[in-house]
There are 2 protein chains.
Amino acid sequence: MAKAPTVYDVAEYAGVSIATVSRVLRSPDTVKAATRERVLDAVRFLGYVPSANARGLAARRTNVIGLFFPGHDDHHSGAIPFAEGDHIEVGTDDTEDDENLYYDEVLRGAEAEAARHGFALMVASGDGDVVSDLAGRVDGLAVLAGTVSDELLAHVGRRIPVVILGGRDDEFDHVSANNGPGMRELARHVATKAATIAYVAGAEGPDDAERWAGFSEVATAALHRGDFTRRSGQRIASEMRELPDAIVCANDQMALGVLDVLERLGIRVPEDVLVTGFDGIAAGRHSRPTLTTVHQPMAELGRAAVQVITARLDDPERQKQSLTLAVRVVLRESCP
Amino acid sequence: MAKAPTVYDVAEYAGVSIATVSRVLRSPDTVKAATRERVLDAVRFLGYVPSANARGLAARRTNVIGLFFPGHDDHHSGAIPFAEGDHIEVGTDDTEDDENLYYDEVLRGAEAEAARHGFALMVASGDGDVVSDLAGRVDGLAVLAGTVSDELLAHVGRRIPVVILGGRDDEFDHVSANNGPGMRELARHVATKAATIAYVAGAEGPDDAERWAGFSEVATAALHRGDFTRRSGQRIASEMRELPDAIVCANDQMALGVLDVLERLGIRVPEDVLVTGFDGIAAGRHSRPTLTTVHQPMAELGRAAVQVITARLDDPERQKQSLTLAVRVVLRESCP
DNA sequence: TCTTCGACTGTAAGCGCATACATTTATCTG
DNA sequence: CAGATAAATGTATGCGCTTACAGTCGAAGA
């Protein structure tokens, strides 16, 4: 890691000016082939890698799109298990319950789409400081609705385009799943088979509100407030006084939590009670019983977010848009 | 997105020099409290967000760590399904087979650890161009073994520290799972219950080689060459002439592929044949039968990679290190 | 009162690149 | 072969920030 070579080093070695070096890298065909080769040789010989900082500064854009996620709550901060000697532990199963955090897929979609547009993707999670730091590094930013204060959002929104995943307003571009209608359709299905329904809501926010609103269009239910975690689903299920005909949950995690408790109590699903979720996470496809849900196209959410950002980068004046992605009701064993 | 304000704007508005603005942001306590407040007010008023590019250029570091993944093979490039009118599709199940790409977890671990060290994480996938681009943007780079040509690796390695996930040599820092001993231990278990074994290898590379070597220490088998994909597991299973007592696969994906075919053929696992995988992906915990495997701590791999990078950033001269993380044999239904 | 010193703040020089503009060289016309 | 035009390259500036270094100013010491 001796001092990294710069355009100047390359230029000198190749016997050209730095402008030519830059041109070889940015617009190769404006440079004579022979010159180009000499420069490229120099690049290889010196191990030259252009500084994205310098380039971004000069060109006034970074070609990076940022993605902000709420913190991982640091359940990962234990010691790293290094291999010790020759011993390999053998066990019957691991306790790990990797709730395939749904934004893995969002992230993958965003990454793929960013790559298609020639952007790199930068991810960060944490608090407000992280957001403004991130904002200084990217050309556009995607954030989950409700994870960043309006104030901060307004602040960074003055510098770069921001797209919000979920929710909708006129301040920013939005991309979200068709929450309300999806839940409404699911509720309609549930209502044909259940008279009494319990609704397990998630943490308050636009998504949760839309789902509840969709549900309310076609059915009524006792509302229990959870927070989208499996644990809260478990808690709510154990606290239920009497069994309704169906338990409709605002997301899959909570529905799985409900299933956990029902199984423990020996209550059969769907015979004794119907259970539904929302999101379409992989775990719901493998649970017992498998989980009826509303599937959101996560990867497409990420892709759409990136598309919206690049579109706004191309035309800052365009009207704010609010994209809604199609969802799909998926009937499985828990509410066939 | 009017032109973004700069230090100059803030300095003027606050009636100080740009150096003072910079100090307020970088080392607040070297500035008198009253001055600091004036500057911070100006920052808020103007919506100032410092440019990471300019800062990185001046400070000669980006505070970003890069993570490179092999391409997503773009199975995502179809049209995005927007909601249309009021119709919601209802189906019995979705075909999607999201193979929880194991590096989701690596990525999450890396992100968490990077955050702990005050770094942002930049992810990119694709080909060589992407790698050198990435290298120009970050202070350190983590790549999966075998995904980047040695030549390119050497090139970028001259500019920034590179840590390789998997494999080991003296050129770079490495972090890998305890592949050989893990597979050896699993093989030992299998060997107690099976006389004839078929070994399904993955794409050639350090990980695959280590696993095979570990296996070979304690057992012998007919080797079938796959490429780590579920599909290749299916192919190999369907091409098998006669059934061995056990099929040991170099990763879980291929093992799942093998299970697919065995189920289709009506061959019972583990009664008729034992099957094992390697990795400990979530899908193996939910398959039928559930999959015996060797569990790698993916998130910790990511975390360790970041730790190695930051350590080298702190001391470029330190000796190259090769960390090995503990694995764990997990016995499940497919080979109890 | 005159120094001396420390706490603050300002001045100015890059960091490594892109690019408008100027200059040189090659190519073409007739 | 002169003159005109196009192609190739060089010169010089600035992108927005950090940071050595150089003041400035008030308080403490002599």
How close or far is atom [atom2] of [N] from atom [atom1] of [X], stated in whole angstroms?
X	N	atom1	atom2	value
Asp133(A)	dC17(D)	CG	P	13 Å
Arg159(A)	dC15(D)	CZ	C1'	12 Å
Arg137(B)	dG16(C)	CZ	P	17 Å
Tyr8(A)	dA12(D)	OH	P	12 Å
Arg61(A)	dG16(D)	CZ	C1'	18 Å

### Summary
Per-nt protein contacts along nucleotides 22-28 of chain D (heavy atom under 4.0 Å; B base, S backbone sugar-phosphate only, - none) come out as -------
### Query
What distance separates Asn63(A) CG from His117(A) NE2, expressed to the nearest 0.5 Å?
12.0 Å
### Query
Is Gln321(A) atom CD crowded by more than 12 heavy atoms from other residues, nucleotides or ligands, each under 6.0 Å away?
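Yes - once you tally the heavy atoms of other residues, nucleotides and ligands closer than 6.0 Å, there are more than 12.
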#### Entry: Pairing residues for Asp170(A) by the side chain to side chain contact (heavy atoms under 4.5 Å, CB included) criterion, not counting sequence neighbours
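Asp170(A) satisfies side chain to side chain contact (heavy atoms under 4.5 Å, CB included) with no other residue.
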### Task
Go through the structure and list residues passing side chain to side chain contact (heavy atoms under 4.5 Å, CB included) with Pro297(A), not counting sequence neighbours.
Glu300(A), Leu325(A), Pro81(B)
### Task
Not counting sequence neighbours, list each pair that qualifies as a side chain to side chain donor-acceptor pair (under 3.5 Å) and has a residue in residues 137-154 of chain A.
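Matches after skipping sequence neighbours: Thr62(A)-Asp139(A), Asp133(A)-Arg137(A).
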#### Entry: Summary of side chain to side chain donor-acceptor pair (under 3.5 Å) pairs that have at least one residue in residues 41-61 of chain B, sequence neighbours excluded
Asp41(B)-Arg44(B)
Would you confirm whether [X], through its side chain, and [Y], through its main-chain N or O, come within 3.5 Å as a donor-acceptor pair?
X	Y	result
Asp9(B)	Thr6(B)	yes
His174(B)	Asp169(B)	yes
Arg159(B)	Ala4(A)	no

What residues form a salt bridge (charged side-chain N to carboxylate O under 4.0 Å, His left out) with [X], not counting sequence neighbours?
X	result
Asp208(A)	Arg225(A)
Arg168(B)	Glu210(B)
Asp173(A)	Arg312(A)

### Interface with DNA chain C, restricted to residues 47-59 of chain B and to heavy atoms under 4.0 Å
Leu57(B), Ala58(B)
Got a list of protein N/O to nucleotides 7-11 of chain D N/O distances below 3.5 Å?
residue, atom, partner, partner atom, Å
dT9(D), OP1, Thr35(A), OG1, 2.3
dT9(D), OP2, Lys32(A), N, 2.9
dG10(D), OP2, Ser17(A), N, 2.8
dG10(D), OP2, Ser17(A), OG, 3.1
dG10(D), OP2, Thr20(A), OG1, 2.7
dG10(D), N7, Arg23(A), NH2, 2.7
dG10(D), O6, Arg23(A), NH1, 3.3

### Task
Taking only the side-chain nitrogens and oxygens of Ser22(A), find out if one of them lies under 4.0 Å from OP1 or OP2 of dA18(C).
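Answer is yes, contact under 4.0 Å.
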### Query
Looking only at side-chain N and O atoms, does Arg60(A) come under 4.0 Å of OP1 or OP2 in dC15(D)?
no
### Query
If you fit an axis to the five pairs at each end of the helix from dT1(C)-dA30(D) to dG30(C)-dC1(D), how big is the angle between those two axes, to 10 degrees?
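Terminal axis comparison yields 30°.
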### Sequence neighbours excluded, every pair satisfying salt bridge (Lys or Arg N to Asp or Glu O under 4.0 Å) that has a member inside residues 17-35 of chain B
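Sorted result for residues 17-35 of chain B: empty, none.
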